[in-house]
Amino acid sequence: MSTAKKTKKRVTTHRLWEMKQRGEKISMLTAYDYSLARIVDDAGIDAVLVGDSASNVIHGHETTLPITLEQMIDHASSVVRGIKRALIVVDLPFGAYQGDSKNALKSAIRIMKESGAHAIKMEGGSFISASVKRIISAGIPVMGHLGLTPQSIYKFGTYEVRAKEEEEAEKLIEDALMLERLGCFALVLEKIPAHLAQKVTETVKIPTIGIGAGPGCDGQILVTHDMLGINKEFSPRFLRRYAQLYDVMKASMEQYITDVKSGDFPNEQESY
Ligand code: KIV
């Protein structure tokens, strides 16, 4: 049994910080609904992200931009009902915090009040500093997110690895230090070179959670639908698939259809 499963105590932002001090790796996965949240929590995950990747894997949009604050709150409330142990972090969606810090705080408060989650995540560096500061001073824990930030996809133009050049790498380190100074409790580092993620991890005292950022981070996150193989099309180099659920589910459904058509289902034992 994993150490995570043995300790039933609720995971807090402070616990993640202690894990970094001890050199204990942090595990994180996404969830968007009650049933998935229960499985992820029972498996012993440390932290769950109600990611705006729901826009892609649940709602079928091409980007994370269309998902609304109301939809995120809805996903988050379902996840909260399924989790007993893990720390629950919710993405502030595109449009809910860029620009006006008062509006950003209002969005963060709605997520915390209406869903019961424990923290929020925001993408970006210096350009969101006023919002990060305001939200943290209201007592809401914030997780930062640097590197590939999918809400800015139309600025980047591609989902390629970020910060390969020195200038962008230096800016990323500056942003990481700034987010730490503002009081963020952790940082997601997405799709950046492994050596840079390692450098950030050694530079800041708060935990770093990597996705496509190599083994030097304090923890790792994957989109659950991707690691379970529910999506067949998405297969970037950083993704390790732990199951092929698309195939398993499709084969089960095909068998069900066959059984219904042939009259094999339901049988006597399955009837009253
Ligand atoms: O929305 C999401 O799932 C994320 C992770 C990829 C970090 O932001």
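Keep in mind that this is a model prediction, so the values were computed, not measured. For ligands, and for the atoms within them, numbers begin at 1 and follow the listed sequence.
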Hey, can you tell me if His14 and Trp17 have their rings parallel, tilted or perpendicular (30° and 60° cut-offs)?
parallel
Parallel, tilted or perpendicular: which one describes the rings of Tyr32 and His75, with boundaries at 30° and 60°?
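Judged by the thresholds at 30° and 60°, the geometry between Tyr32 and His75 is perpendicular.
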side-chain contact (heavy atoms from CB on, under 4.5 Å) between Ile135 and Ile109, intermediate numbers included
CA-CA 8 Å; Ile135 292 170; Ile109 289 177; over 6 Å; no
Is there side-chain contact between Ile209 and Gln220, with at least one heavy-atom pair below 4.5 Å?
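No; the side chains remain at least 4.5 Å from each other.
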Sub-4.5 Å side-chain heavy-atom contact between Tyr246 and Asn231
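A side-chain contact under 4.5 Å is absent here.
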Residues clustered with Phe156, ILVMFWY side-chain links under 4.5 angstrom
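Traced through the cluster, Phe156 reaches Leu65, Phe94, Leu148, Ile153, Tyr154, Tyr159.
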Please tabulate protein-ligand N/O pairs under 3.5 Å for ligand 1, atom names and distances to 0.1 Å.
| residue | atom | partner | partner atom | Å |
| --- | --- | --- | --- | --- |
| ligand 1 | 1 (O) | Asp52 | N | 3.2 |
| ligand 1 | 1 (O) | Asp52 | OD1 | 3.0 |
| ligand 1 | 1 (O) | Ser53 | N | 3.0 |
| ligand 1 | 1 (O) | Ser53 | OG | 3.3 |
| ligand 1 | 1 (O) | Asp91 | OD2 | 3.1 |
| ligand 1 | 3 (O) | Ser53 | OG | 2.5 |
| ligand 1 | 8 (O) | Lys121 | NZ | 2.9 |

